[in-house]
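Notes follow once the structure below has been shown.
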Amino acid sequence: MQLNFIANQSIPAQGGQTIEMLDPSNGQAFDHIQRSQAADIDQAVQAARAAFKGPWGQQSAMERGRLLMRLSQKITEHAAELTALEQRDCGKPTKQAAADTVALARYFEFYAGACDKLHGETLPYQNGYSVLTWREPHGVTGHVIPWNYPMQIFGRSVGGALAAGNACVVKPSEDACLSLIRVAQLAAEVGFPPGAINIVTGLGHEVGDALARHPGIDHISFTGSPRVGTLIQQMAAERHCPVTLELGGKSPQIIFEDADLDAAIPVVVNAIVQNAGQTCSAGSRVLIQQSIYEALLQRLGDAFERLQVGTAEMNLDLGPLIRASQMNRVTEFLNQAQTEGIATVAKGFIAQGVPHGGFYQAPVLLRDVPVMHRLAQEEVFGPVLSAMAFSDEDHAVEMANSTEFGLVAGIWTRDGGRQFRMAKRVRSGQVFINNYGAGGGVELPFGGVKSSGYGREKGFEALLGFTTLKTVAIQHG
Ligand code: NAD
């Protein structure tokens, strides 16, 4: 049984209710978490406020940095344990869960080094004045986290908020949260004062809602679906609480006829099968120049046919999807493709011996998907890649920008001028040229435009969002 972690204490939810945790590899319950309510959020917010006003808020930037570094080292010492938790909870192949643990440690390392490098400026003003700016923490920050990359998203969101001096209340996803409860315990062990990091588990519409509405939350960082992102904004707007929104994507991989296809193919395939396609920045559309369309589809199809899906422990190319409803969602998209005559180029396969009850979906490559079709417009959030052909740069830009999203884009061409032209014209928060970093790059600011959200996490840029700027004007004559 997993408990909440508030003020460095493991405690049950006040209402005494729990939620079953399912192992996506076999669909069986293997643990329980607390089904918290508004009273538990209130308790956590009070603990965070006390930490912010007290021992945590009084630490110098240098001391904060040292604590974050100790947590990074502790995570590395406990890497095997955290990897095992994440693997079971999310159904991730071991290699993916291990990579997520490394990324978590790296976030705390990066933000440890950033704590004492965040500073304001002095500004020229009228004679007889000195004007300076201070970067101050918001106070108590709320973090609503999805199930697809719990550790990575905790690292980038909570790591940045702590580095800036905030105390954090974290609401992980009810579908996967065990690793985060453990990380908060490890933080207490390395010396984070009570209340600096609090974890309250439960259902989104109950405890997530309570967090977003709580008057003691000074900033909300939300990562999740556009639908819930809208609700969070509405709740936050009631009390003018600033929000950072990291939402969905329908990211294009744009491949020109002069591209290095040997380099592109494995990256394009990985960008849709990583985490079984359950990645906000999954490269879920591949836009291919007409002259190489058939040849490249053939090669991508060959690669898809070799992809294997299995249990997390089998450590194959893909693990199961997170839950039955996610599998139903992917199946519904694929059924629609079939009924409407959208052709399948190739499919991967489910390995022999996977247990009954697991949420397995073979990866699928579809061709000639109409630009405005749901499959080319909406997040499937599964291993489904939609291919379509373009004629020239203008056509590629039009197709790339045709969705409501704008998170990441990949551009594959050897033409230097085209690389810059395309990077400027594609509307997205990140552009990768001749590479693709689905979720990668702790140092690289990340976030979207349009319905993919706003604000940036990762990199130094995130610290600007986790602080507020105060201008101090001194008249001294
Ligand atoms: P979700 O929106 O259903 O849930 C995200 C979080 O919000 C969970 O913790 C959930 O409990 C909580 N929540 C749900 N309803 C709520 C409510 N009414 N009030 C407050 N909180 C509520 O998303 P998900 O299914 O967990 O994750 C998948 C989505 O997240 C996809 O759309 C994906 O693209 C997006 N995502 C975005 C990024 C990014 O950085 N842009 C990263 C990962 C995932």
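Because the structure is predicted, anything quoted here is derived from the model rather than measured.
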Quick one: closest heavy-atom pair of [X] and [Y], and the distance?
| X | Y | value |
| --- | --- | --- |
| Gly91 | Ser25 | CA-OG, 4.5 Å |
| Ser10 | Phe5 | OG-CD1, 3.6 Å |
| Ile220 | Ala236 | CD1-CB, 4.2 Å |
| Ala112 | Met69 | CB-N, 3.5 Å |
| Ser179 | Met151 | OG-CG, 3.3 Å |
| Pro383 | Ala362 | CG-O, 4.2 Å |

Is any NZ, NE, NH1 or NH2 atom of the basic residue among [X] and [Y] found under 4.0 Å from an Asp or Glu carboxylate oxygen of the other?
| X | Y | result |
| --- | --- | --- |
| Glu443 | Lys458 | no |
| Arg329 | Glu332 | no |
| Glu404 | Lys450 | no |
| Lys250 | Glu379 | no |
| Asp262 | Arg299 | yes |
| Arg88 | Asp23 | yes |

Taking the side chain from Thr101 and the backbone from Ala97, do they hold a donor-acceptor pair closer than 3.5 Å?
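It does hold such a pair.
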Name the one of Cys280, Pro226, Pro252 that satisfies side-chain contact (heavy atoms from CB on, under 4.5 Å) with Phe405?
Pro226
If you draw the axis of the six-membered ring of Phe256, does the NZ or CZ of Arg418 fall within 45° of it and under 6.0 Å from the ring centre?
yes
Lys171 to Phe222, cation-pi by 6.0 Å centre distance and 45° axis angle
no
Determine the interplanar angle of the Tyr111 and Tyr107 rings, folded into 0 to 90°, and report it as parallel if under 30°, tilted if 30 to 60°, perpendicular if over 60°.
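Correct class here is parallel.
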Using 30° and 60° as the class boundaries, would you call the ring planes of His143 and Phe466 parallel, tilted or perpendicular?
tilted
Quick one: pull up [atom1] in [X] and [atom2] in [Y] and give me the separation to the nearest 0.5 Å.
| X | Y | atom1 | atom2 | value |
| --- | --- | --- | --- | --- |
| Asp175 | Met21 | CG | CE | 7.0 Å |
| Thr339 | Leu334 | OG1 | CG | 10.0 Å |
| Ile292 | Ile255 | CD1 | CD1 | 6.5 Å |

Would you say Gln338 has more than 12 foreign heavy atoms packed within less than 6.0 Å of its CD?
no
Please say whether more than 12 non-hydrogen atoms of neighbouring residues, nucleotides or ligands are located less than 6.0 Å from CZ in Phe30.
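Yes - once you tally the heavy atoms of other residues, nucleotides and ligands closer than 6.0 Å, there are more than 12.
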Verify side chain to side chain donor-acceptor pair (under 3.5 Å) between Glu457 and Ser221, making sure each step is shown before the conclusion.
CA-CA 9 Å; Glu457 290 190 343; Ser221 162; 2.6 Å; yes
Output, in order, the C-alpha distance, side-chain angles, deciding distance and verdict of side chain to side chain donor-acceptor pair (under 3.5 Å) for Tyr454 and Gln233.
CA-CA 11 Å; Tyr454 53 77; Gln233 285 182 94; 2.9 Å; yes
side-chain contact (heavy atoms from CB on, under 4.5 Å) for Tyr293 and Asp368? Distances and angles first, verdict last.
CA-CA 10 Å; Tyr293 189 62; Asp368 310 334; 2.6 Å; yes
Centre-to-centre under 6.0 Å for Phe333 and Phe381, is that the case here?
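Aromatic pair excluded; centres sit 6.0 Å or further apart.
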Check: Trp56 ring centroid to Phe192 ring centroid under 6.0 Å:
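Yes, they do, as the ring centres are separated by less than 6.0 Å.
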Gln336/Glu340 under side chain to side chain donor-acceptor pair (under 3.5 Å): CA gap, chis, key distance, verdict:
CA-CA 6 Å; Gln336 186 178 353; Glu340 294 178 12; 3.1 Å; yes
Can you confirm whether Asn4 sits close enough to Thr201 that some side-chain heavy atom of one is under 4.5 Å from a side-chain heavy atom of the other?
yes
Would Ile288 and Leu300 count as a side-chain contact (heavy atoms from CB on, under 4.5 Å) here? Give the steps.
CA-CA 11 Å; Ile288 305 173; Leu300 286 172; 4.3 Å; yes
